[in-house]
Amino acid sequence: MSSRSEITEIPIIDWKLIENGQKEKLLSQLRHAFVVVGFAYLKNPPIDPALIDQMIMFAPRLFDLPQEEKDALSMVNSPHFMGYNRLGNEITRGKVDIREQFDFVTDATPTWKEGDPIYLKFNGPAQWPNENSLPGFKATVTEYLQQLGKLGFEFMSLLAESLHLPRDIFDKFYESPKESNQHWCKVQSPSGQWIDAKPIPGTLVVNLGKGEFYALEFTV
């Protein structure tokens with residue numbers, strides 16, 4: 001197992017290593033990033049760049065919707081924990097979160113019934129803004145989530161390979177196959193130093209930590 005040491009920057013893993021026949025190099029970088037560091041940028045992810053640009057374009061327009069429209073999507077209205085939370089509505093570690101947020105998922109048919117595990121309540125439809133207010137938003141987010149989900153399954157298989165485990169070792173955990181001036185998160189190093197995880201064009205920020213994998217504390 002790799003030993004932990006102080007970090008000063010977040011590693012960048014380039015997905016193109018797979019496309020260029022350098023899969024073993026990518027696996028080695030994955031293991032270091034998530035066993036030693038706990039955070040990474042994923043460069044050149046297999047997601048349509050135009051789709052990512054659309055998501056970035058929609059983000060400020062979503063939060064600029066009239067307050068009454070946002071409140072109509074309040075998370076308290078959803079049994080599936082999806083929707084909108086006002087600035088300061090959430091508490092983390094006893095402190096108010098200075099953030100305003102929306103939670104969206106790919107719409108699913110509710111499956112939870114009395115006696116089922118509570119996490120099954122997440123299966124259900126999201127709350128979407130009115131199409132007249134944000135034309136094309138739902139279609140864009142749905143397509144983005146589908147592409148991101150496909151990447152997620154492949155990513156977990158690669159993580160398994162990086163630990164010399166079968167690619168499908170994590171499949172049993174899935175039900176089916178596969179207002180602030182700060183606009184990025186900060187990652188806390190083992191010594192307590194906060195490192196900016198500023199947006200890097202063409203990358204996704206990945207945080208993972210369970211068992212063999214190490215997770216860093218972060219804030220947004």
Side-chain angles (χ1 to χ4, degrees), residues 1-49 51-53 55-56 92-93 99 101 103-106 117 119 122 143-178 182-220:
M1 178 175 176
S2 302
S3 59
R4 288 186 58 215
S5 58
E6 180 57 25
I7 65 168
T8 57
E9 60 183 11
I10 301 169
I12 299 175
I13 300 171
D14 193 341
W15 190 266
K16 283 191 178 294
L17 288 173
I18 292 182
E19 300 173 7
N20 296 334
Q22 297 178 281
K23 181 178 178 180
E24 290 304 317
K25 182 176 181 180
L26 181 137
L27 292 179
S28 176
Q29 291 181 358
L30 277 178
R31 179 175 174 82
H32 170 78
F34 294 109
V35 172
V36 178
V37 180
F39 239 81
Y41 287 105
L42 183 61
K43 184 179 179 181
N44 296 312
I47 295 177
D48 183 357
L51 190 60
I52 294 176
D53 288 342
M55 291 291 295
I56 293 172
T92 301
R93 294 186 175 181
R99 65 180 180 186
Q101 73 178 58
D103 289 275
F104 298 105
V105 293
T106 302
Y119 69 84
F122 282 104
E143 177 60 25
Y144 175 75
L145 291 175
Q146 288 175 345
Q147 292 191 24
L148 194 63
K150 182 178 179 181
L151 168 60
F153 284 121
E154 177 60 21
F155 193 83
M156 292 304 294
S157 295
L158 289 170
L159 284 173
E161 286 190 75
S162 76
L163 295 177
H164 310 294
L165 297 171
R167 278 179 57 85
D168 62 355
I169 192 71
F170 297 121
D171 287 3
K172 60 187 176 182
F173 297 107
Y174 303 114
E175 292 181 6
S176 59
K178 319 179 201 180
Q182 177 182 305
H183 300 287
W184 54 81
C185 68
K186 290 177 177 287
V187 179
Q188 190 174 40
S189 72
S191 69
Q193 176 188 2
W194 288 101
I195 302 168
D196 286 339
K198 295 183 179 181
I200 296 178
T203 71
L204 301 175
V205 177
V206 184
N207 176 36
L208 182 74
K210 284 292 181 182
E212 179 79 0
F213 298 118
Y214 182 74
L216 292 176
E217 298 290 338
F218 69 94
T219 184
V220 295

For residues Ala33 and Pro11, report the shortest heavy-atom separation together with the two atoms involved.
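Between these two residues, the closest heavy atoms are CB-CG, 3.9 Å.
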What closest approach, in Å, do Ile47 and Leu148 show between heavy atoms, and which atom pair accounts for it?
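Heavy atoms only, the tightest pair is CD1-CD1, 3.5 Å.
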Is atom CD of Glu9 surrounded by more than 12 heavy atoms (other residues, nucleotides or ligands) closer than 6.0 Å?
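No - once you tally the heavy atoms of other residues, nucleotides and ligands closer than 6.0 Å, there are 12 at most.
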Rounded at 0.5 Å granularity, tell me how far [atom1] in [X] sits from [atom2] in [Y].
X      : Y      : atom1 : atom2 : answer
Arg167 : Glu154 : CZ    : CD    : 4.5 Å
Leu51  : Ile56  : CG    : CD1   : 10.5 Å
Asp171 : Phe153 : CG    : CZ    : 8.0 Å
Leu42  : Leu26  : CG    : CG    : 8.0 Å
Gln29  : Leu158 : CD    : CG    : 12.0 Å
His32  : Leu27  : NE2   : CG    : 14.5 Å

Are any of the side-chain heavy atoms of Leu159 and Leu30 separated by less than 4.5 Å?
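Leu159 vs Leu30: side chains touch.
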Pairwise side-chain contact, Glu143 with Asp48, heavy-atom cut-off 4.5 Å (strictly under):
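When only atoms from C-beta onward are counted, Asp48 and Glu143 do not touch, as no gap falls below 4.5 Å.
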Under 3.5 Å, is there a donor-acceptor pair between the side chain of Ser28 and the main chain of Lys25?
no
Just by modelled atom types, is the Lys16 backbone N or O under 3.5 Å from a matching donor or acceptor in the Asp14 side chain?
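Between the backbone of Lys16 and the side chain of Asp14 there is a qualifying donor-acceptor contact (under 3.5 Å).
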Would you call the rings of Phe34 and Phe155 parallel, tilted or perpendicular, where under 30° means parallel and over 60° means perpendicular?
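Geometry flag for Phe155 against Phe34: perpendicular rings.
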